[in-house]
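Fair warning: this is a prediction, and the values are worked out from it, not measured in the lab. Chain naming here is simple, since letters A, B, ... match the order of the sequence lines and numbering starts at 1 in each.
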Number of protein chains: 2
Amino acid sequence: MAASPTASPATLHDVAREAGVSLATASRSLNGSTRKVNDEYRQRVLAAAARLNYSPNFSAQAVAKGSTSTVALLVSDIADPYFSSIAAGVIRAAETQGLIVTMAVTERSTERELELVRALRGQRPRVMILTGSRSDGSESQAALVAELKAFAATGGRVVLISQEGLPFSTVVVDNYLGARALANSLVGQGYRRFAAIGGARTLVTSRDRLAGFADGLAEHGIAIHPDHIVRGEFTRDGGFAAATELLADGIGQIDLVFAVSDVMAIGAMSAFREAGIVVPRDIAVAGFDDIDTARDVTPALTTVHIPLADLGQQAVELALSDAALSSDEVIRVETRVVLRASSPQL
Amino acid sequence: MAASPTASPATLHDVAREAGVSLATASRSLNGSTRKVNDEYRQRVLAAAARLNYSPNFSAQAVAKGSTSTVALLVSDIADPYFSSIAAGVIRAAETQGLIVTMAVTERSTERELELVRALRGQRPRVMILTGSRSDGSESQAALVAELKAFAATGGRVVLISQEGLPFSTVVVDNYLGARALANSLVGQGYRRFAAIGGARTLVTSRDRLAGFADGLAEHGIAIHPDHIVRGEFTRDGGFAAATELLADGIGQIDLVFAVSDVMAIGAMSAFREAGIVVPRDIAVAGFDDIDTARDVTPALTTVHIPLADLGQQAVELALSDAALSSDEVIRVETRVVLRASSPQL
DNA sequence: CTGTTAGCGCGTTCAA
DNA sequence: TTGAACGCGCTAACAG
């Protein structure tokens, strides 16, 4: 057991020599597409490889073959359950295809996202998957599209998870329709006076959900007073802060507050609790996404279900399918309203 | 805009030609360590690279240099907030070092973990980080150590996050002490009759926490009746099921139930809620880990704080430091009892 | 400071 | 079926 502190890994060349065969034969035995190698040689090579603890060098394979087996995934924040659930789906799907997943975090910055895409291109991933809401009006947007186009032009597959609008294949969540359905259900539950907690105005996801919700209410002749729409970061703390703001204005005339994401809704619920406001007795709450913890908070959170892990899985499959070549394939996933204890029948 | 469907990416060679310089000069301008190239040439190269939308091929760089810039991270389940928080720390630390993170999921299977380590070696990552509790008694354990040793012998750095015991550098959480401190605090709160929800017997983390908790109680002459220790999977559903089991036996004589992880504790709380048991009025609950949602459930969960993101960050730093060469460096992170509303003073 | 050249580890054609 | 030789994109000596 006296290996030198830093020997180099055994190479295919070493294995070939150890097995007494040629480099080509070794290569064919270890990876070679079809069985075109004498079984005796084959065994010899396998044995030699095991003896030397050989592990193929993916980088070398990639240069030689001109293609890799990696999927690059960009998320806003991996600690956010929304993204980690999607990531789980991506990883699961990738692994069944023998693909390795590399991950990077944009921290919700479009500039950072651009940088990362640029950097990740160096990996020559087979697939690049971008999650997180698009925010328009950003100058980086055009540059991002250009960068992704350049990647796609050289054989890379790009898939976005969020909303359509960019010229790439996309797994789309119908935020508008989901929010509208939610509004309808809540009115059905007897709610009439609403407030809303949104994200930044430029965030398309936030906007779509707010619009859908408003339109759903409008069908019943209900409107949200502009003063009752507060905004915050698209995070738990953002929801907490927004709810606090809402409280400062007084919530006496509000039945239910709709937060555009579960994470924000849960932050809001904590703010209410700390202020001594009891949900749903004093005010009801609803969110969007149906993250795992939505059912574990008390009261359980009414929300719009999105099959998050499926989103990730479908993104991988879409990317690998030839449909992705068309560069504008769209998969639309269904949402579903989930009524829970945070918005009981009135 | 009529790029052929699948052109190949521009190579350094293309850039050099476009700029009218040699390959070496192009290489030096684009990456070359220090400024050893005439600024005019340099600009020409940069311009050419931009024009051709050049992106360096990491794989080729890796082959040429004999080293990569990737960190491989293995987690049990990325959708679990415990792991996703650690992953966030790993990614953050890696990115500041210009390293790319590749991630794989073991699904809590030791066999799968072994397979993945074997596969990931092909990446020749600079660092391999394994998180998740060790479970002893598994046959794969020895094979895993062998595989990791082989990796380390060829210059790879290995860091584990969990408990010591394996011959690699480790970021250790003092589960035993944390649980003992928790037990003491809870007795201080007035609790006397306890139940516990644990994971599989072979899971070291679960065992350590249970042991620490029991010893902490023992200091006060308190013991947990064996019938009041139930086990389940180390997941939310595992906690839910275990709590259900507990309920079936009757919890009339129990003040507080300690779950060995927050995720299980939260599952248990949901089970209680669905059974009409009110926490903490009917029974108090405590967990371990202090995941983000621990403060957002109602009542907020008493737990033992672990700086999860720091764990990941420190793992990367430990791996990169020369201390990791010694192969048995240990960083011990502090835990801290956090008393919340789920275990009020009696 | 620049260009030439020899590898890096591997896949794959092409003869044998 | 096997092996020799070339090339993948790039870095790092080495000479100029």
Side-chain angles (χ1 to χ4, degrees), chain A residues 6-46 48-49 52-70 121-125 154-156, chain B residues 6-46 48-49 52-70 121-125 154-156:
Chain A
T6 294
S8 4
T11 78
L12 189 56
H13 190 246
D14 298 333
V15 175
R17 206 158 34 93
E18 171 87 6
V21 300
S22 79
L23 233 172
T25 303
S27 172
R28 289 191 269 253
S29 314
L30 258 13
N31 321 299
S33 41
T34 43
R35 58 193 63 183
K36 309 180 72 175
V37 48
N38 182 312
D39 203 56
E40 190 201 320
Y41 279 174
R42 183 186 198 69
Q43 296 306 334
R44 281 231 303 262
V45 172
L46 261 36
L52 297 180
N53 222 316
Y54 171 74
S55 166
N57 185 322
F58 292 171
S59 292
Q61 291 187 157
V63 239
K65 292 206 274 214
S67 79
T68 65
S69 307
T70 79
R121 271 187 64 199
Q123 287 242 26
R124 300 286 186 276
T154 55
Chain B
T6 294
S8 10
T11 77
L12 188 57
H13 191 246
D14 299 331
V15 175
R17 206 156 34 91
E18 170 87 4
V21 301
S22 78
L23 232 176
T25 303
S27 172
R28 288 192 271 253
S29 313
L30 259 12
N31 322 298
S33 40
T34 44
R35 59 192 64 183
K36 309 180 75 177
V37 47
N38 181 313
D39 203 56
E40 189 202 318
Y41 279 174
R42 182 187 198 70
Q43 296 306 333
R44 281 230 303 260
V45 172
L46 261 38
L52 297 179
N53 223 317
Y54 171 74
S55 166
N57 185 320
F58 291 172
S59 293
Q61 291 187 159
V63 210
K65 292 207 273 214
S67 78
T68 66
S69 306
T70 80
R121 272 187 63 198
Q123 286 241 27
R124 301 285 186 275
T154 55

Is the shortest heavy-atom distance from the side chain of [X] to the side chain of [Y] under 4.5 Å?
{"X": "A/K65", "Y": "A/N31", "value": "no"}
{"X": "A/Q61", "Y": "B/S59", "value": "no"}
{"X": "B/R44", "Y": "B/T25", "value": "no"}
{"X": "B/Y54", "Y": "B/L30", "value": "yes"}
{"X": "A/N57", "Y": "B/R124", "value": "yes"}

Phosphate-side-chain proximity, B/N31 and D/dC10, N/O vs OP1/OP2 below 4.0 Å: no
Phosphate OP1/OP2 of D/dT11 contacted by B/S27 side-chain N/O (<4.0 Å): yes
Heavy-atom pair with the smallest gap, counting every atom of B/L12 and B/A26: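 Closest approach of B/L12 to B/A26, heavy atoms only: CD1-CB, 3.8 Å.
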Rounded to the Å, how far apart are [X] [atom1] and [N] [atom2]?
{"X": "A/D14", "N": "C/dC8", "atom1": "CG", "atom2": "C1'", "value": "13 Å"}
{"X": "B/R17", "N": "C/dT2", "atom1": "CZ", "atom2": "C1'", "value": "19 Å"}
{"X": "B/R42", "N": "C/dT2", "atom1": "CZ", "atom2": "P", "value": "10 Å"}

Footprint string (nucleotides 3-9 of chain D, 5' to 3'): B base within contact, S backbone only, - free, heavy atoms under 4.0 Å: BB--BBB
